[in-house]
Amino acid sequence: MNAIKETNFNFENQTAFYRGKVRDVYTIADTYLAMVASDRISAFDVVLPRPIPYKGQVLNQIAAKFLKATSDIIPNWVVSVPDPSVTIGQMCEPFKVEMVIRGYLSGHAWREYAAGKREVCGESLPEGLKENDKLPEPIITPTTKAAVGHDEDISRADILKKGIVSEEDYVQLEKYTRALFQRGTEIAAQRGLILVDTKYEFGKKDGKIVLIDEIHTPDSSRYFYADGYQERQDKGEAQKQLSKEFVRKWLIDNGFQGKDGQVVPEMTDEIIASISERYIELYEHIVGEKFVYPDQENVLERVERNVTKALKELNY
């Protein structure tokens, strides 16, 4: 199938290249970033051996739509989206924290709570909560961006004490995080979804704070179906999720959690197709539009052509 496993382009005025877990990032003239959303998929900090057709396009297009839908709240890094799988944007100096915001007690926060902790990242949590309960107010639980390994929880007090972010900037980051989460929550509600938690990354460009990276995608966020949410909570049933949790579940069911000595189960064509279909379903549900399949030409040639054309149109 026509999927982007990796790219090895050499664009005019290219000054750096970085291959992340799922994205290939080209620095152009130390001014712009051309970010290719590949179809690689990672789980448990491991890149799985086979790419998932259209996954990169799904994430890139969801992010592009949400960045556009929030540009009245905060300026963002995007200059253009010249290809379904590529975003070109301004190079910014990233803050060394990710702003995670949670409206519900799920995932990592629930695991901490279940282990007896009543404080996460300096935010106190009331007694008597169940998994996936709505929190009295959304809480911000930042993480430091780790160069290697897992990101680490950190409190607002420690961020300021260690000078990772200035107080003036941090107050602004909190305001932006809450406003973006509120907008994301409203858009999700229109689609019959609950935005459970998500993360935002910010940078600075010419002294101004800018929203960078992807937002409100199923890889950076957790969504529940709103219909039946309360009923499932009352009965103590698991919530219906719209995220890549189904991939993790398939791996766990097949004996893989990224631990030493474990082997990724065989990814058959059927498994690949079913994961691809689920990502397209995520797109249609979150965006509320039909997914548009690209022309069946060579995908790498298409990406290279579209990025080259877009870069020529930039004045730098």
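Quick note: numbers below take in every heavy atom, side chains included, and nothing from hydrogens, waters or symmetry partners.
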Practice prompt. Just do the salt bridge (Lys or Arg N to Asp or Glu O under 4.0 Å) check on R302 and D295 with the steps written out, would you?
Written response: CA-CA 9 Å; R302 184 201 77 205; D295 292 339; over 6 Å; no
Fill in: Worked verdict on E123 versus R102 for salt bridge (Lys or Arg N to Asp or Glu O under 4.0 Å)
CA-CA 11 Å; E123 294 280 349; R102 305 171 182 280; over 6 Å; no
Worksheet entry | Steps toward side-chain contact (heavy atoms from CB on, under 4.5 Å) verdict (R183, D72) | CA-CA 11 Å; R183 178 68 56 83; D72 59 318; 2.9 Å; yes
Worksheet item: Between K235 and E231, does a salt bridge (Lys or Arg N to Asp or Glu O under 4.0 Å) hold up when you go through it step by step?
Response: CA-CA 6 Å; K235 288 181 177 171; E231 196 181 326; 3.4 Å; yes
Item to complete: Verify salt bridge (Lys or Arg N to Asp or Glu O under 4.0 Å) between K309 and D83, making sure each step is shown before the conclusion.
Response: CA-CA 10 Å; K309 182 170 179 280; D83 181 90; over 6 Å; no
Discussion item. One pair to check against side-chain contact (heavy atoms from CB on, under 4.5 Å): E304 and F11. What are the steps and the verdict?
Written reply: CA-CA 8 Å; E304 186 171 27; F11 297 113; 4.2 Å; yes
Practice prompt. List the steps and the verdict of side-chain contact (heavy atoms from CB on, under 4.5 Å) for K117 and R111.
Written response: CA-CA 9 Å; K117 292 187 186 173; R111 288 189 287 276; over 6 Å; no
Worksheet item: Given F9 and V307, is the side-chain contact (heavy atoms from CB on, under 4.5 Å) satisfied, shown in steps?
Response: CA-CA 10 Å; F9 303 131; V307 173; 5.9 Å; no
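The main-chain N or O of E297 is found under 3.5 Å from a side-chain atom of N2 such that the two form a donor-acceptor pair. With hydrogens and angles disregarded, no donor-acceptor distance shorter than 3.5 Å links the side chain of N254 to the backbone of P265. Proximity of a side-chain donor or acceptor of D158 to a complementary backbone N or O of S155 within less than 3.5 Å is not detected. Here the side chain of S276 pairs a donor or acceptor atom with the backbone of P53 at under 3.5 angstrom. A donor-acceptor contact shorter than 3.5 Å is absent between the side chain of N132 and the backbone of S106. Judged by distance alone, the side chain of S221 and the main-chain N or O of P218 form no donor-acceptor pair under 3.5 Å. For K5 (side chain) and P49 (main-chain N/O), a donor-acceptor pair under 3.5 Å exists by modelled atom type. Side chain of R232 to main chain of D227: a donor-acceptor pair is present (N/O by atom type, distance under 3.5 Å, no hydrogens or angles).
In this structure, CD1 in I286 is found 13.0 Å from CD in Q61, a value given to the nearest 0.5 Å. The CD1 atom of I215 sits 3.5 Å away from the OG1 atom of T70 when rounded to the nearest 0.5 Å. Rounding to the nearest 0.5 Å places CZ of R248 at 11.5 Å from CD of Q257. In this structure, CZ in F202 is found 8.0 Å from CD1 in I209, a value given to the nearest 0.5 Å. With values rounded to the nearest 0.5 angstrom, M267 atom CE is found 4.5 Å from I275 atom CD1. Atom NE2 of H285 and atom OH of Y225 lie 4.5 Å apart (nearest 0.5 Å).
Looking at every heavy atom in both residues, I212 comes nearest to C92 through CG2-SG, 4.0 Å. Minimum heavy-atom separation, G56 to S85: C-OG, 4.3 Å.
Aromatic pair H216/Y200: centroids less than 6.0 angstrom apart.
Using a 4.5 Å cut-off between side-chain heavy atoms of Ile, Leu, Val, Met, Phe, Trp and Tyr, with links allowed through other members, V22 and F44 fall into different hydrophobic clusters. Residues L180 and V171 do not share a hydrophobic cluster, defined by chaining ILVMFWY side chains whose heavy atoms lie under 4.5 Å apart. No chain of hydrophobic side-chain contacts below 4.5 Å, direct or via other Ile, Leu, Val, Met, Phe, Trp or Tyr residues, connects Y113 to I140. Under the 4.5 Å side-chain heavy-atom criterion for grouping Ile, Leu, Val, Met, Phe, Trp and Tyr, Y104 is not connected to W110 through any hydrophobic cluster. Linking Ile, Leu, Val, Met, Phe, Trp and Tyr residues whenever their side-chain heavy atoms come within less than 4.5 Å leaves V120 and I154 in two separate clusters.
With 3.5 Å as the limit, one finds a donor-acceptor pair spanning the side chains of D30 and T15. A donor-acceptor contact closer than 3.5 angstrom is absent between the side chains of Q190 and E186. Side chains of Q233 and Q239: a donor on one and an acceptor on the other come within 3.5 Å. A side-chain N or O of D153 and one of H108 form a donor-acceptor pair less than 3.5 Å apart. A donor and an acceptor atom, one from each side chain of T87 and N60, are located under 3.5 Å apart.
Looking at D24 and R19, a side-chain N of the basic residue comes within less than 4.0 Å of a carboxylate O on the acidic one, giving a salt bridge. A salt bridge links K199 with E201: at least one charged nitrogen is closer than 4.0 Å to a carboxylate oxygen. Ion pairing of E6 with R40 is absent here, as no side-chain N (NZ or NE/NH1/NH2) approaches a carboxylate O to less than 4.0 Å.
Here the side chains of T268 and I271 are in contact, with some heavy-atom distance below 4.5 Å. Annotation: side chain of D219 is in contact with side chain of Y279 (closest heavy-atom distance under 4.5 Å). Side-chain atoms of K65 and V81, non-hydrogen and from C-beta on, never get closer than 4.5 Å to each other. Contact of the I272 side chain with the I52 side chain is registered, since non-hydrogen atoms from C-beta on lie closer than 4.5 Å. Taking the side chain as every heavy atom from C-beta outward, P84 and Y54 never approach each other to under 4.5 Å. Within the 4.5 Å cutoff, side-chain heavy atoms of F291 are placed close to those of Q57. Counting only heavy atoms from C-beta outward, the side chains of L195 and Y223 approach each other to under 4.5 Å. Residues Y170 and M99 meet the side-chain proximity criterion, which asks for heavy atoms closer than 4.5 Å.
Relative orientation of the F224 and Y229 rings is parallel, given thresholds of 30° and 60° on the angle between their planes.
Within 6.0 Å of the NZ atom in K134, the count of heavy atoms belonging to other residues, nucleotides or ligands does not exceed 12. Within 6.0 Å of CD on Q230 lie more than 12 heavy atoms contributed by other residues, nucleotides or ligands.
Here V47 is tied to no hydrophobic group at all, with no ILVMFWY side chain closer than 4.5 Å.
Every residue meeting the salt bridge (Lys or Arg N to Asp or Glu O under 4.0 Å) condition with K249, not counting sequence neighbours, appears here in chain and number order: D253.
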